[in-house]
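Here the structure is a predicted model, which means the values were calculated and not measured. Just so you know, ligand 1 is whichever comes first in the structure, and atom 1 is the first atom listed for that ligand.
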Amino acid sequence: MAKFKILTVFGTRPEAIKLAPLVKLLAEQVEFDSRICVTGQHRDMLDQVLSLFDLQPDFDLDVMQAEQDLTDLTARILPKVRCVLTEFRPDLVLVQGDTTTAFATSLACYYQQIPVGHIEAGLRTYQPYSPFPEETNRRLTSVLARWHFAPTPQAKQHLLAENYPEQHIVVTGNTVIDALHWIQKNPPKNTALFSLEPHKKMLLVTMHRRENWGKGIEQLCHSLMALAQQGWQIIFPVHPNPQVREPVYQLLQHQANIRLTDPLPYVDFVQLMQQAFLILTDSGGIQEEATALGKPVLLLRDQTERTEAENSGIVQRVKVEHSAIVNAVDALAKNPIKYQQMAQASTLYGDGKACERIVQFIKQIVKND
Ligand SMILES: CC(=O)N[C@H]1[C@@H](OP(=O)(O)OP(=O)(O)OC[C@H]2O[C@@H](n3ccc(=O)[nH]c3=O)[C@H](O)[C@@H]2O)O[C@H](CO)[C@@H](O)[C@@H]1O
């Protein structure tokens, strides 16, 4: 019998982290012919993850260009994905999350009438520009997908409220927790892990969302200067986008107690999350990982689609303003009871078995076909 052909397409670091354990598991299934296609939307950061998980793409579209804009990126992905679809002729294409790669790939599949399975389906803020373009990318991807792998019951509820058929939706947990477990079980040998000053409490910081470009990044940098002067040790892996990198390096490069780095290998970053007193971020995936690790997060965004973490108390939204950020850090440092209430590990985003559930569901689809 011919094998069921699955093509998994991704292009950015967070998609690669979240799909790595899944493509590894798919490759072990004898009844599947599973291939990987990378668009290369984030070239360097993507390659770092591929090498960590020892993944070799079967197709590499290499769409990355300097200062790429969303229109050009979408327009470059469509015909390149079409070529792969017509060459490999998959029975199912898997995409993840809310990137331009996920949306444009789903559209290319729709034009070829190839079914799409959407991993991490159903996250919503219902604000089209927050986060931008991710909120609209994920809603458009839902429209184009046939199968919806929802990470949480709440994500499933969003999809049901939008009238997607219940038999096409399955709650799996988020595959990022599988990735986290994998990395904890398979720490790479010979890595030079990041060294810290042991007597100082550490704040781990990331910021890259478009909504924070300009004023938000400036406000964050000024708050970090004030916190560094109070004696906090700050580690800030800086996103390579010039809209982020230039102002951050300009404002913070020579400040005592602040270490700016290039984006770190995933294993180093996970270790730093564990060592941090607090994480300050506008990231999506870090909220999920921090929830699993029991590490409090100050979320530097107006909206979040990860309301489960916020409701559980581990994630606290903070206005991206100098004094609001400084006050929020101070308040937690001075209130150990509140801090301990936040620092509770939870399986809200999964138990590390999301990939198994996705694979089982796909086998069921094949059986029912
Ligand atoms: C709107 C939103 O919230 N963002 C989306 C975005 O990712 P998201 O905001 O999560 O993307 P980030 O660039 O913050 O990447 C986060 C991931 O990178 C790791 N990390 C971070 C810094 C570093 O130096 N090294 C490192 O390995 C983190 O541990 C985490 O796993 O695309 C994801 C994949 O489709 C979606 O799930 C998210 O919903």
Could you walk me through whether S312 and S346 satisfy the side chain to side chain donor-acceptor pair (under 3.5 Å) test, starting with their C-alpha distance in whole Å, then the side-chain angles of each, then the deciding distance to 0.1 Å, before giving a yes or no? CA-CA 9 Å; S312 82; S346 119; 5.5 Å; no
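Tested against T39, the residues T105, T101, T100 include a single side chain to side chain donor-acceptor pair (under 3.5 Å) partner, T101.
Close approach to P237 involves these atoms of ligand 1, each under 4.0 Å from a residue heavy atom: 24 (O). Ligand-side atoms of ligand 1 in range of T99: 35 (O), range being under 4.0 angstrom from any heavy atom. Every atom of ligand 1 with a heavy atom of E15 under 4.0 Å away is listed here by number and element: 34 (C), 35 (O). Against a heavy-atom cut-off of under 4.0 Å, G285 is close to the following atoms of ligand 1: 8 (P), 10 (O). The ligand atoms of ligand 1 that sit less than 4.0 angstrom from a heavy atom of G284 are 3 (O), 8 (P), 9 (O), 10 (O).
Taking a cutoff of 4.0 Å between a charged side-chain nitrogen and a carboxylate oxygen, K367 and D369 do not qualify as a salt bridge. A salt bridge links E305 with R138; the closest basic N to acidic carboxylate O contact falls under 4.0 Å.
For atom 19 (C) of ligand 1, the closest heavy atom belonging to the protein is I17 CD1, 3.7 Å. With hydrogens left out, the protein atom closest to atom 37 (O) of ligand 1 is E120 OE1, 2.6 Å, a heavy atom. In terms of protein heavy-atom proximity, atom 1 (C) of ligand 1 is nearest to P131 CG, 3.3 Å.
The aromatic rings of F88 and F59 sit tilted relative to each other, their planes meeting at an angle between 30° and 60°.
Proximity of H208 to ligand 1, defined as any heavy-atom pair under 4.0 Å, is confined to the side chain (atoms from C-beta onward). In Y266, the parts holding a heavy atom less than 4.0 Å from any atom of ligand 1 are both the side chain and the backbone.
Comparing E211, R301, E134 by heavy-atom distance to atom 3 (O) of ligand 1, the nearest is R301. Scanning L52, T175, T261, D98 for the heavy atom closest to atom 38 (C) of ligand 1 points to D98. Scanning Q48, R13, R210, Q96 for the heavy atom closest to atom 13 (O) of ligand 1 points to R13. Of the candidates A179, A16, P14, it is P14 that places a heavy atom closest to atom 7 (O) of ligand 1.
At a 3.5 angstrom cut-off on N or O pairs, S283 counts as close to ligand 1. In terms of polar-atom proximity, defined here as any N/O pair under 3.5 Å, E289 does make such a contact with ligand 1. Here's the thing with L264: one of its N/O atoms is less than 3.5 angstrom from an N/O atom of ligand 1. Taking any N or O of P263, backbone or side chain, none lies under 3.5 Å from an N or O belonging to ligand 1.
Ligand 1 lies within reach of R209, whose nearest heavy atom is under 4.0 Å from it. Proximity of R306 to ligand 1 is established by a heavy-atom distance of less than 4.0 Å.
Inspection of the T304 and Q287 side chains reveals an N or O donor paired with an N or O acceptor under 3.5 Å. Using modelled atom types, one finds no donor on one side chain facing an acceptor on the other under 3.5 Å when comparing T12 with Q41. Using modelled atom types and a 3.5 Å distance limit, the side chains of E15 and T99 yield a donor-acceptor pair. Residues E120 and N174 bring a donor and an acceptor atom of their side chains to less than 3.5 Å of each other.
Cation-pi check for K5 over F32 is not met; the charged atom does not lie both under 6.0 angstrom from the ring centroid and within 45 degrees of its normal.
H168 meets the ring pair (Phe, Tyr, Trp, His ring centres under 6.0 Å) test with W147; sequence neighbours excluded. Partners of S34 by side-chain hydrogen bond (donor to acceptor under 3.5 Å, both in side chains), not counting sequence neighbours: none found.
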